[in-house]
J.: 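One structure follows; several queries about it will come next.
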2 protein chains.
Amino acid sequence: MALGKDYATQECSIARALEIVGERWTLLVVRDALYGVRRYNDFLVHLGIPRAVLAARLQTLTAEGILEKRRYQQSPPRDEYVVTERGIALWPTLRALGLWGREHFTETQLRYFRHADCGADLGPYGECRACGVVVPVADVVMVPGPGLDPDPADPVSRALLKPKRLLEPLETEPATA
Amino acid sequence: MALGKDYATQECSIARALEIVGERWTLLVVRDALYGVRRYNDFLVHLGIPRAVLAARLQTLTAEGILEKRRYQQSPPRDEYVVTERGIALWPTLRALGLWGREHFTETQLRYFRHADCGADLGPYGECRACGVVVPVADVVMVPGPGLDPDPADPVSRALLKPKRLLEPLETEPATA
DNA sequence: CGTATTGGTTCGGTGACCGAACCTATGGTG
DNA sequence: CACCATAGGTTCGGTCACCGAACCAATACG
């Protein structure tokens, strides 16, 4: 953590990891990045995060090699943040954490994660229940469940109502009517 | 999070989970609880956490059913905090997070986690590399690696220098010379 | 009786996080 | 050309979580 006080006394890779991704909002930014969110404004409206905090998190995550900032158009200059291998490697953690949250603190199923090749649900650590193999993140399909608000306010949530492969860039509706 | 602002806008079990265990220190307390730490003072010296923060975290974790406070002696009244099933269910998350931290941000191996029955290392999601089965937390043995300080200051770290099963209560040396 | 151990609570200071406002660069429109 | 919209930020004042240190309480030991 870039806090005034890190976990300096800890000899532990969990503590090291939390120094990087343990700050507020950070893991949610990574989650969105895995869902295909890439643009500053999309993170902003989807997360409801203060702008200054988002800017700080994007900078830290880029510096740590979890996201990569790249220019996708020259004029006007526009950058996007794309998740790297190192960020993709956080998927098992997020998967485990989400499963724990759902099993212990959520009543309805919000989203399903399935193996694109066969359609079967993922197991607890991201393996395909049918094939048995650990599914690469790019082959995971996110399908909305019954617990989701069917008509959310922000365009990113609306875009996420359609089944969607992870990592694939999110297409937000161009200024809906 | 019991912060002034939670992740209210998020319909996501990851966000729900982070509201519970996303505050600073919380996951490290759970980690220590899985390692067998049970007493207020042991958490305190091992984590280097401010007393007030530790008291708050223990209370929250108890309220959420992740730890259970119980009296282990009557006179003087002494309580210990024991990890529950719900807390044990966080092991895959911590395992994944620790592995990510080690692979990306740590040079030397700090600890090994092995299957008690056969001695083989655990895989990325806590399965035994030899048997293939997902190892119950109680059958995981933690073995210190070469990266650990061989003579740490606090008694809890010293007690953790010996190979040790997870969940088993930690025996701290009774006031070393 | 004084001291040590365990498990806290209280308190003042600092800094992370908060929302809102402002800034810059470009593009589109009438 | 004036005006507004969009994308991607920075700045600012206020609040609240976190920080370390001090203090408190109950009991045991000598």
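Residue numbering restarts at 1 for every chain, and letters A, B, ... go by the order of the sequence lines. All of these numbers come straight from a predicted model, not from anything done at the bench.
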J.: For C/dT5, take OP1 and OP2 only and decide whether either is under 4.0 Å from a side-chain N or O of B/Arg39.
T.: no
J.: OP1 or OP2 of D/dA7 sitting under 4.0 Å from any side-chain N/O of A/Tyr81?
T.: no
J.: So, A/Thr26 and A/Arg57: side-chain donor and acceptor under 3.5 Å apart, yes or no?
T.: yes
J.: Distance check needed: C/dA20 P versus A/Ile49 CD1, whole Å only.
T.: 15 Å
J.: CZ of B/Arg57 versus C1' of D/dC18: gap in Å, rounded?
T.: 8 Å
J.: Rounded to the Å, how far apart are A/Arg38 CZ and D/dA7 P?
T.: 17 Å
J.: In this structure, how many angstroms lie between the P atom of C/dG8 and the CD atom of B/Gln59, rounded?
T.: 9 Å
J.: Given that A/Val53 and A/Gln74 both sit by DNA chain C, which one's nearest nucleotide is further toward the 5' end?
T.: A/Val53
J.: Judged by atom type as modelled, is there a donor-acceptor pair below 3.5 Å linking the side chain of B/Gln109 to the main-chain atoms of B/Pro146?
T.: no
J.: May I have the distance from A/Glu23 (atom CD) to D/dA17 (atom P), rounded to whole angstrom?
T.: 17 Å
J.: Within this structure, what is the OH-to-P distance between A/Tyr40 and C/dA25, rounded to whole angstrom?
T.: 17 Å
J.: Using only side-chain N and O atoms of A/Arg78, determine if any of them is under 4.0 Å from OP1 or OP2 of C/dA25.
T.: no
J.: Base, sugar-phosphate alone, or nothing: which one does A/Ala56 contact when heavy atoms must sit under 4.0 Å apart?
T.: nothing
J.: Is the NZ or CZ atom of B/Arg24 both under 6.0 Å from the centre of the six-membered ring of A/Tyr7 and within 45° of that ring's axis?
T.: yes
J.: Closest nucleotide of DNA chain D for B/Pro76 versus for A/Asp42: which of these residues is on the 5' side?
T.: A/Asp42
J.: Can you identify which nucleotide, out of D/dC18, C/dC18, D/dT10, has its nearest atom closest to the B/Trp25 side chain?
T.: D/dC18
J.: Does C/dG7 have OP1 or OP2 under 4.0 Å away from a side-chain N or O of B/Tyr72?
T.: yes
J.: Nearest whole Å is fine: how far is C/dG8 C1' from B/Lys69 NZ?
T.: 9 Å
J.: Looking at A/Asn41, does any N or O in its side chain come under 4.0 Å of the phosphate oxygens OP1/OP2 on D/dA7?
T.: yes
J.: Checking only heavy atoms, does the side chain of A/Arg51 share a donor-acceptor pair with the base of C/dG19 at less than 3.5 Å?
T.: no
J.: Decide ring-ring contact (aromatic ring centres under 6.0 Å, His included) for B/Tyr125 and B/Trp91; before the verdict, give the C-alpha distance in whole Å, the side-chain angles of both, and the deciding distance to 0.1 Å.
T.: CA-CA 9 Å; B/Tyr125 46 84; B/Trp91 167 246; over 10 Å; no
J.: Between A/Asp139 and A/His115, do the side chains contain an N or O donor and an N or O acceptor separated by less than 3.5 Å?
T.: no
J.: How many whole angstroms separate atom CD of B/Glu80 from atom P of C/dT6?
T.: 14 Å
